[in-house]
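Quick notes on the structure that follows.
Owing to the predicted nature of the structure, the values given are computational and were not obtained by experimental measurement.
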Amino acid sequence: QVQLLESGGGSVQAGGSLRLSCTLSGYTASTYYLAWFRQAPGKEREGVASIYTRGDVAAYPDSVRDRFTISQDKAKNMLYLQMNNLKPEDTAKYYCAADTRGYSLGDKYSLRIRNYNYWGQGTQVTVSS
């Protein structure tokens with residue numbers, strides 16, 4: 001099993017930056033992909049960044065590309081999401097997730113929710129205009 005705990009959320013003005021952190025514990029060597037998802041009130045959960053843990057290959061949707069950066073520190077069992085030039089539409093609860101079954105390996109889309117079998121509790125990000 002893998003446990004994930006997010007931190008670093010908060011309130012920021014548009015154009016500002018935040019860095020989210022996710023602490024991993026448990027059998028972390030079993031992860032194939034790690035990712036960040038977000039969910040705004042009344043909206044579906046969506047993926048914003050993924051990383052193939054065994055090759056450091058990252059992927060982003062168009063909505064956050066060039067503004068968000070996902071990274072990992074394997075020695076510290078940490079996952080990060082650096083968010084720059086934040087916009088009010090980035091307001092959401094952000095979750096980190098782990099794919100330990102390898103479902104994302106055979107999927108062209110690495111941010112498919114059902115591929116991720118472990119989730120954190122989330123951290124709130126609020127961006128004001």
Side-chain angles (χ1 to χ4, degrees):
Q1 285 194 349
V2 176
Q3 294 81 42
L4 306 109
L5 181 64
E6 304 92 339
S7 61
S11 297
V12 65
Q13 288 192 328
S17 298
L18 279 175
R19 189 176 83 153
L20 304 183
S21 300
C22 178
T23 304
L24 286 76
S25 59
Y27 189 43
T28 58
S30 63
T31 62
Y32 289 89
Y33 276 82
L34 293 169
W36 289 95
F37 290 80
R38 67 185 180 188
Q39 188 165 20
K43 293 189 177 182
E44 293 186 352
R45 190 170 295 192
E46 63 171 348
V48 295
S50 69
I51 188 166
Y52 175 54
T53 61
R54 304 175 189 201
D56 265 348
V57 177
Y60 309 90
D62 289 342
S63 58
V64 306
R65 188 174 290 116
D66 298 328
R67 298 191 298 122
F68 289 11
T69 302
I70 188 172
S71 62
Q72 61 174 343
D73 185 331
K74 292 182 179 180
K76 296 182 179 179
N77 283 332
M78 296 293 295
L79 178 72
Y80 303 102
L81 184 68
Q82 178 66 43
M83 304 185 294
N84 298 327
N85 190 22
L86 283 161
K87 304 176 181 181
E89 51 263 42
D90 294 318
T91 295
K93 195 166 189 180
Y94 284 71
Y95 301 86
C96 63
D99 170 8
T100 65
R101 298 172 297 189
Y103 286 6
S104 297
L105 289 171
D107 195 331
K108 291 182 180 180
Y109 183 53
S110 62
L111 287 169
R112 202 175 303 279
I113 292 173
R114 65 171 183 258
N115 289 349
Y116 291 83
N117 52 325
Y118 289 101
W119 294 81
Q121 295 298 308
T123 185
Q124 179 67 36
V125 171
T126 302
V127 184
S128 58
S129 57

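No side-chain heavy atom of I70 sits under 4.5 Å from any side-chain heavy atom of F68. With a 4.5 Å cut-off on side-chain heavy atoms, Y94 and L81 count as touching.
In this structure, the separation between CG on L86 and CG on L18 is 5.5 Å, given to the nearest 0.5 Å.
Under the side chain to side chain donor-acceptor pair (under 3.5 Å) criterion, T100 pairs with N117, not counting sequence neighbours. Not counting sequence neighbours, the partners of R67 by the side-chain contact (heavy atoms from CB on, under 4.5 Å) test are V64, N85, K87, D90. Listed by chain and residue number, Y32, Y52 satisfy the side-chain contact (heavy atoms from CB on, under 4.5 Å) test with R54 (two or more places apart in sequence, or in another chain). Legend: residues meeting side-chain contact (heavy atoms from CB on, under 4.5 Å) with S17, ordered by chain and number and at least two apart, are Q82, N84. Evaluation of the side chain to side chain donor-acceptor pair (under 3.5 Å) rule for S110 yields S50 as partners, not counting sequence neighbours. Taking the ring pair (Phe, Tyr, Trp, His ring centres under 6.0 Å) definition, one finds that Y95 meets it with nothing, sequence neighbours left out. R101 pairs by the side chain to side chain donor-acceptor pair (under 3.5 Å) definition with nothing, not counting sequence neighbours. Applying the side-chain contact (heavy atoms from CB on, under 4.5 Å) criterion to D56, with sequence neighbours excluded, gives I51, Q72. Partners of Y116 according to the ring pair (Phe, Tyr, Trp, His ring centres under 6.0 Å) rule, which considers only residues two or more places apart in sequence or in another chain, are F37. Applying the salt bridge (Lys or Arg N to Asp or Glu O under 4.0 Å) test to D66 and every residue at least two apart in sequence or in another chain returns nothing. When the side chain to side chain donor-acceptor pair (under 3.5 Å) test is applied to T28, the partners found at least two apart in sequence or on another chain are N77.
Both L105 and Y109 are part of a single hydrophobic cluster, where members link through side-chain heavy atoms under 4.5 Å apart. Side-chain heavy atoms closer than 4.5 Å link hydrophobic residues (I, L, V, M, F, W, Y) into clusters, and following such links, even through other members, never connects M78 to L24. With hydrophobic clusters built from ILVMFWY side chains whose heavy atoms lie under 4.5 angstrom apart, L20 shares a cluster with Y118.
R45 contributes no side-chain N or O that, together with a main-chain N or O of Q39, makes up a donor-acceptor pair within less than 3.5 Å. Checking side-chain atoms of W36 against main-chain N and O of Y80 turns up a donor-acceptor pair under 3.5 Å.
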Could you pull out every donor-acceptor pair under 3.5 Å between side chains of residues 120-129 and any protein atom, sequence neighbours left out?
unit_1: T123; atom_1: OG1; unit_2: G9; atom_2: N; d: 3.1
unit_1: Q124; atom_1: NE2; unit_2: A92; atom_2: O; d: 3.4

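Across every non-hydrogen atom of V48 and P61, the tightest pair is O-CD, 3.2 Å. What you find for L79 and C96 is that their closest heavy atoms are CD2-CB, 4.1 Å. Between A59 and L111 the shortest heavy-atom distance is O-CD1, 4.4 Å.
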